[in-house]
Structures are given as C-alpha cells and as structure tokens.
Amino acid sequence: MATSRPRAEVEREMRNAIGLVPRFFARMPEEFLDLEWEIFKRMELGQTLIPNKYKELMGVAVHSETKCHYCTLFHTEAAKLFGATDEEIEEAAHYAKMTVGWSAYVNGIQLDFDQFRNELQQMGSFLAKQKAAA
C-alpha cells in the first residue's frame, strides 16, 4: 500500500481547500485519511468525465433511495453549489422514485429477463430510426 501523509498535513490541506476538517474526516482512522481525502477531492471537488452538477444530482437520486439523510443533504447542497436548481433536484429525486418503482414492479412480477432485453433492443432500434429521420 502507498505511504500516506501524516494527519496534520492532510488536515491542513483540507482546511485550505474547504475551510475546515469535517467531523467525518476528523474521526477517520489515520491509515485511511489521506486516501479517502484524495478520492473525495477528485470526485467531489475536481472535474471528472461527468460534470460536478450531474454527479451531485446522481448523488441526490441515489441517496433519496438509500434513505441516508446525511448523504441526501450533502449531495443536495453540493448540487446547488455546482448550479443545480431546486427543480433539477426535485426531478432527480422523482427520477429515483420512478426508476426504483419500476425495478420493484418488474422484479416483483418476475418478468422474463431475456424477453425484457430483446424488447429493450427493439425499442432502442425504433427510437434510433426515429431520431435519424428527424
């Protein structure tokens, strides 16, 4: 495993980057702190292939379904920081509700998976043709 930096150095970097050392980092065992901070910086603060606003809206959707009020609050506020509107946040939560509902339904009726995949491919082909014709 890579050598991690001392806690004091990592915490100093946190204070410079986000203004404080959040309690969830302060309580983390030192052996994991540097690695977790690096992941957090890259995924939450840095630019990745998915724009930050969209990542945070995904976080709102995921955690509205995991029922984690800490994570829901975090991703809602982060989404706002990255420019999401209240309407976009509401839509992300509604999308989560809708997609989890469909998951419960198709699993509950034990829909044939191969048939589902085939129908999905048919719908995709149809919609691609429609889009190409437009």
Side-chain angles (χ1 to χ4, degrees):
M1 181 165 19
T3 306
S4 57
R5 297 178 296 162
R7 176 176 290 280
E9 184 180 332
V10 176
E11 288 182 349
R12 184 171 37 258
E13 185 176 301
M14 283 182 195
R15 281 190 285 280
N16 288 336
I18 59 176
L20 72 144
V21 176
R23 185 71 34 221
F24 58 87
F25 277 121
R27 293 185 59 177
M28 189 172 290
E30 186 163 356
E31 65 183 300
F32 304 120
L33 180 63
D34 192 24
L35 176 62
E36 292 296 334
W37 170 241
E38 288 300 319
I39 293 168
F40 183 90
K41 279 192 315 186
R42 290 180 191 159
M43 295 302 293
E44 292 297 329
L45 305 175
Q47 288 295 320
T48 64
L49 295 175
I50 301 171
N52 289 350
K53 175 179 158 180
Y54 301 137
K55 284 188 294 194
E56 298 306 336
L57 288 170
M58 290 184 335
V60 169
V62 166
H63 295 295
S64 65
E65 287 304 322
T66 66
K67 312 294 189 271
C68 176
H69 63 277
Y70 299 98
C71 295
T72 303
L73 177 62
F74 177 89
H75 291 290
T76 298
E77 294 306 312
K80 290 176 184 178
L81 283 171
F82 289 115
T85 64
D86 289 341
E87 291 80 11
E88 290 170 319
I89 292 165
E90 290 168 14
E91 184 174 321
H94 187 262
Y95 184 81
K97 181 215 56 100
M98 183 270 310
T99 193
V100 168
W102 276 108
S103 177
Y105 176 67
V106 297
N107 279 290
I109 64 170
Q110 298 180 20
L111 196 64
D112 179 85
F113 187 78
D114 292 329
Q115 181 181 5
F116 178 78
R117 182 190 342 235
N118 185 34
E119 291 172 348
L120 184 60
Q121 290 170 344
Q122 289 176 34
M123 287 187 291
S125 295
F126 178 83
L127 292 170
K129 287 177 188 171
Q130 295 260 332
K131 184 177 178 181

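Side-chain atoms are counted along with the backbone in the values below, which use heavy atoms only and exclude waters and symmetry mates.
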Could you give the side-chain donor-acceptor pairs of residues 12-21 under 3.5 Å, partners two or more places apart or in another chain?
| residue | atom | partner | partner atom | Å |
| --- | --- | --- | --- | --- |
| Glu13 | OE1 | Arg5 | NH1 | 2.7 |
| Glu13 | OE1 | Arg5 | NH2 | 3.4 |
| Glu13 | OE2 | Trp37 | NE1 | 2.7 |
| Glu13 | OE2 | Lys41 | NZ | 2.4 |
| Asn16 | ND2 | Arg12 | O | 3.4 |

Any idea which heavy atoms bring Phe116 and Leu111 closest together, and the distance?
CD1-CD2, 3.8 Å
Excluding Val60, membership of its hydrophobic cluster (Ile, Leu, Val, Met, Phe, Trp, Tyr; side-chain heavy atoms within less than 4.5 Å) reads Ile50, Tyr54, Leu57, Met58, Ile89
Any pair with a residue in residues 106-117 that passes salt bridge (Lys or Arg N to Asp or Glu O under 4.0 Å), sequence neighbours left out, goes on the list, sorted by first then second residue, please.
Asp114-Arg117
Set of residues satisfying side chain to side chain donor-acceptor pair (under 3.5 Å) with respect to Glu44, sequence neighbours excluded
none
Residues which pass salt bridge (Lys or Arg N to Asp or Glu O under 4.0 Å) with Glu119, listed by chain and number, not counting sequence neighbours:
none
Taking side chain to side chain donor-acceptor pair (under 3.5 Å) as the definition, give me every residue that meets it alongside Lys55, ordered by chain and number, with sequence neighbours left out.
Thr48, Asn52
Pairs under 3.5 angstrom only: tabulate donor-acceptor contacts from the side chains of residues 123-134 to other protein residues two or more places apart or in another chain.
| residue | atom | partner | partner atom | Å |
| --- | --- | --- | --- | --- |
| Ser125 | OG | Gln121 | O | 3.2 |

Name every donor-acceptor pair, under 3.5 Å, that has one atom in a side chain of residues 72-82 and the other anywhere in the protein, sequence neighbours excluded.
| residue | atom | partner | partner atom | Å |
| --- | --- | --- | --- | --- |
| Thr72 | OG1 | His63 | O | 2.9 |
| Thr72 | OG1 | Cys68 | O | 2.8 |
| His75 | ND1 | Glu56 | OE1 | 2.6 |
| Thr76 | OG1 | Thr72 | O | 2.7 |

With sequence neighbours excluded, residues passing salt bridge (Lys or Arg N to Asp or Glu O under 4.0 Å) with Glu88
Lys53
Contacts of Arg23 that satisfy side-chain contact (heavy atoms from CB on, under 4.5 Å) - sequence neighbours left out:
Ala26, Arg27
NZ/NE/NH1/NH2 to OD/OE distance under 4.0 Å, Lys67 and Glu65:
yes
Hits for side-chain contact (heavy atoms from CB on, under 4.5 Å) against Gln122, two or more places apart or cross-chain, chain-then-number order -> Asn118
Looking at Glu91, I'd like to know if its CD atom is crowded, meaning that more than 12 non-hydrogen atoms belonging to other residues, nucleotides or ligands lie closer than 6.0 Å.
no
Side chains of residues 94-107: which donor-acceptor pairs under 3.5 Å do they make with residues two or more places apart or in other chains?
| residue | atom | partner | partner atom | Å |
| --- | --- | --- | --- | --- |
| Ser103 | OG | Asn107 | ND2 | 3.4 |
| Asn107 | ND2 | Ser103 | O | 2.9 |

